[in-house]
Trainee: 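The following block contains the structure, expressed as structure tokens.
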Amino acid sequence: MGDKMSPGKPELAPDINPRLSKKAGQFTESVIREMTRLALQYGAVNLSQGFPDFPAPAEIKRAAQEAIAANINQYAITWGAKSLRDAIASKFHATQGIQVDPEREITVCCGSTEAMMSSMLAVINPGDEVVVFEPFYENYGPDAILSGATPRFVKLRPPDWSFDPAELAAAFGPATKAIILNTPNNPTGKVFKRAELECIRDLCLKWNAFAITDEIYEHMLYDGAQHISIAALDGMRDRTITINALSKTYSVTGWRVGWAIAAPRVTSAIRKVHDFLTVGAAAPLQEAGAVALRLPPDYYTKLAHDYAARRDTMLGILTSAGFRCFKPRGAYYIMTDVAGFGFPDDVAFAQYLVNEIGVAAVPGSSFYQNPADGRTHLRFTFCKSEETFQAAAARLARLRLPQTP
Ligand SMILES: Cc1ncc(COP(=O)(O)O)c(C=O)c1O
């Protein structure tokens, strides 16, 4: 500012023009969302981004229309409409046995994306480290940069995507503020087992760290897998931030309604960040969310059943086309090993698939800190309709594995 005032200098000298943030320079645009744009450009079948191409349940669409007609069109309470917070608390109690106070322990946000960002901004200080399992949902990298955390990555290794407890223990230390957990997991389909969560819990207790857990795929479970919220484990209730959303469970990814559940002291910090980031999520859609969360238990049973059938269809299509698939136990993605196709890397293969074959998938490298670690992987989503599966199958049938001599 001193220069701006020095004699003879124009008021807006080039050297004081606003420059771009160093943080924004440290990450790229989302590869997943870029693949959706490429799919549109090339008319490809989009098996990249995780949004359903079938309708949301009629009753919750109707609830949204009714809320708008009833003039619920102004700001909701910044931390969420009471009806929705009450419904979140009662569902969390019914599914995980955890009692939370909707007045002091829930913040409704613009999707789980904002819930994660607000939570990290609320707890991270410069110099703090966060432990992140990799492959990871790609938002967590920029979330760490924007909140000022240094990520410490711990590998989930195929075929079952297990982690080495010693490697996890080595990633924790005095600077650890939190571990970011995602179960059921995107992109691997891993569902963390109780013993694994207990191992994570013991480290959180030892190092006084938070668990920030993204449970957005909690109802997409296959082959008897069971979802356990780490907040339900002894000692974790008040050191866990549980993140969830309407997006996946009710097929409304465009509504942008999610939430963070945390102890009162943590929630008050999250609420302040959230208020100044976004003020609040869409008021009528929060009312519809309250209706959604009170759907009867058979809604979730049918959802899991239908997704299991979609998973099996997609596994069949990919396997027939020559992909080596890692069978997911949860969420709605299939990680594949594409080394056999003989392309130089995952990005080259994904480009070939979208341009020449007409199918969009996500290059594995976008889920790893070091792109080389994901160069033999490609991720496909199966939250799609029968029509989309048929189109994908017809196109992927044109793919040929290189002939072995
Ligand atoms: C693990 C995970 N978390 C969060 C999100 C985004 O959730 P929302 O649409 O609620 O912001 C996604 C979307 O794909 C995801 O896979």
Side-chain angles (χ1 to χ4, degrees), residues 29-36 39 46-53 56 60 80 84 88 106-121 130 132-144 146 156 161 179-192 211-221 227 229-230 241-261 270 274 277-278 280-282 285-286 288-289 292-293 307 311 328-335 360-362 364 366-368 379-384:
E29 286 198 21
S30 154
V31 177
I32 298 176
R33 294 177 282 276
E34 171 65 10
M35 287 311 299
T36 286
N46 189 0
L47 301 180
S48 59
Q49 199 177 354
F51 61 85
D53 65 354
I60 75 162
L84 178 56
I88 292 166
I106 295 174
T107 311
V108 175
C109 295
C110 297
S112 64
T113 299
E114 193 239 321
M116 179 60 80
M117 189 75 260
S118 290
S119 299
M120 287 181 71
L121 287 169
V130 290
V132 182
F133 287 109
E134 74 172 349
F136 51 84
Y137 172 54
E138 67 167 353
N139 280 30
Y140 304 153
D143 285 343
L146 291 171
L156 298 174
W161 307 102
I179 179 166
I180 312 290
L181 191 61
N182 171 217
T183 183
N185 185 261
N186 172 12
T188 63
K190 175 183 175 69
V191 180
F192 283 72
I212 309 181
T213 169
D214 178 342
E215 303 188 354
I216 192 166
Y217 297 106
E218 66 174 324
H219 292 291
M220 284 129 201
L221 298 165
H227 169 65
S229 284
I230 194 168
I241 304 176
T242 307
I243 288 172
N244 213 319
L246 299 181
S247 309
K248 311 286 178 174
T249 305
Y250 307 101
S251 305
V252 288
T253 58
W255 281 18
R256 317 306 307 130
V257 179
W259 54 87
I261 303 174
I270 297 171
H274 157 72
L277 270 181
T278 67
L285 303 182
Q286 292 192 47
L293 268 81
Y307 269 117
R311 176 197 67 163
R329 300 182 71 237
Y332 54 43
Y333 305 95
I334 297 174
M335 270 293 243
V362 181
S366 68
F367 304 105
Y368 287 89
R379 188 202 77 175
F380 293 83
T381 183
F382 55 86
C383 52
K384 301 297 171 189

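Sequence positions, counted from 1, serve as the residue numbers for this chain. Note that ligands are numbered from 1 as they come in the structure, with each ligand's atoms numbered from 1 the same way. As a basis for the values below, the full set of heavy atoms in this structure was taken, side chains included, without hydrogen atoms, waters or symmetry mates.
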Trainee: Taking the six-membered ring of Tyr250 as reference, does the NZ or CZ atom of Lys248 fall below 6.0 Å from its centre and within a 45° cone about the axis?
Mentor: no
Trainee: Could you give the distance from CG (Asn244) to SG (Cys109), rounded to the nearest 0.5 Å?
Mentor: 12.0 Å
Trainee: Taking only heavy atoms of Ser247 into account, list the atoms of ligand 1 that are under 4.0 Å away from them.
Mentor: 8 (P), 9 (O), 10 (O)
Trainee: With a 4.0 Å heavy-atom cut-off (strictly under), which part of Thr113 contacts ligand 1: side chain, backbone, both or neither?
Mentor: both
Trainee: With rounding to the nearest 0.5 angstrom, report the CD1 to CE distance, Ile243 to Met116.
Mentor: 4.0 Å
Trainee: Give the atom numbers and elements of ligand 1 that come within less than 4.0 Å of a heavy atom of Tyr140.
Mentor: 1 (C)
Trainee: Is Arg256 near ligand 1, meaning one of its heavy atoms is under 4.0 Å from it?
Mentor: yes
Trainee: Any idea which atoms of ligand 1 are less than 4.0 Å away from a heavy-atom of Lys248?
Mentor: 12 (C), 13 (C), 14 (O)
Trainee: May I ask you to establish whether Lys384 and Phe51 are in a cation-pi arrangement, using a distance under 6.0 Å from NZ or CZ to the six-membered ring centre and at most 45° from the ring axis?
Mentor: yes
Trainee: For Ser30 and Glu138, does a side-chain donor sit closer than 3.5 Å to a side-chain acceptor?
Mentor: yes
Trainee: Any N/O of Ser112 closer than 3.5 Å to an N/O of ligand 1?
Mentor: yes
Trainee: Stepwise, does the side-chain hydrogen bond (donor to acceptor under 3.5 Å, both in side chains) test hold for Glu215 with Thr242?
Mentor: CA-CA 7 Å; Glu215 303 188 354; Thr242 307; 4.9 Å; no
Trainee: Got a second to check how far Asn182's CG is from Tyr217's OH, nearest 0.5 Å?
Mentor: 7.5 Å
Trainee: Compute the shortest N/O to N/O distance between Asn186 and ligand 1 and return yes if it is under 3.5 Å, no if not.
Mentor: yes
Trainee: Asn182 to ligand 1: N or O pair under 3.5 Å?
Mentor: no
Trainee: List ligand 1 atoms under 4.0 Å from Tyr333, heavy atoms only on the residue side.
Mentor: 14 (O), 16 (O)
Trainee: Show me which atoms of ligand 1 lie under 4.0 Å from any heavy atom of Ala245.
Mentor: 10 (O)
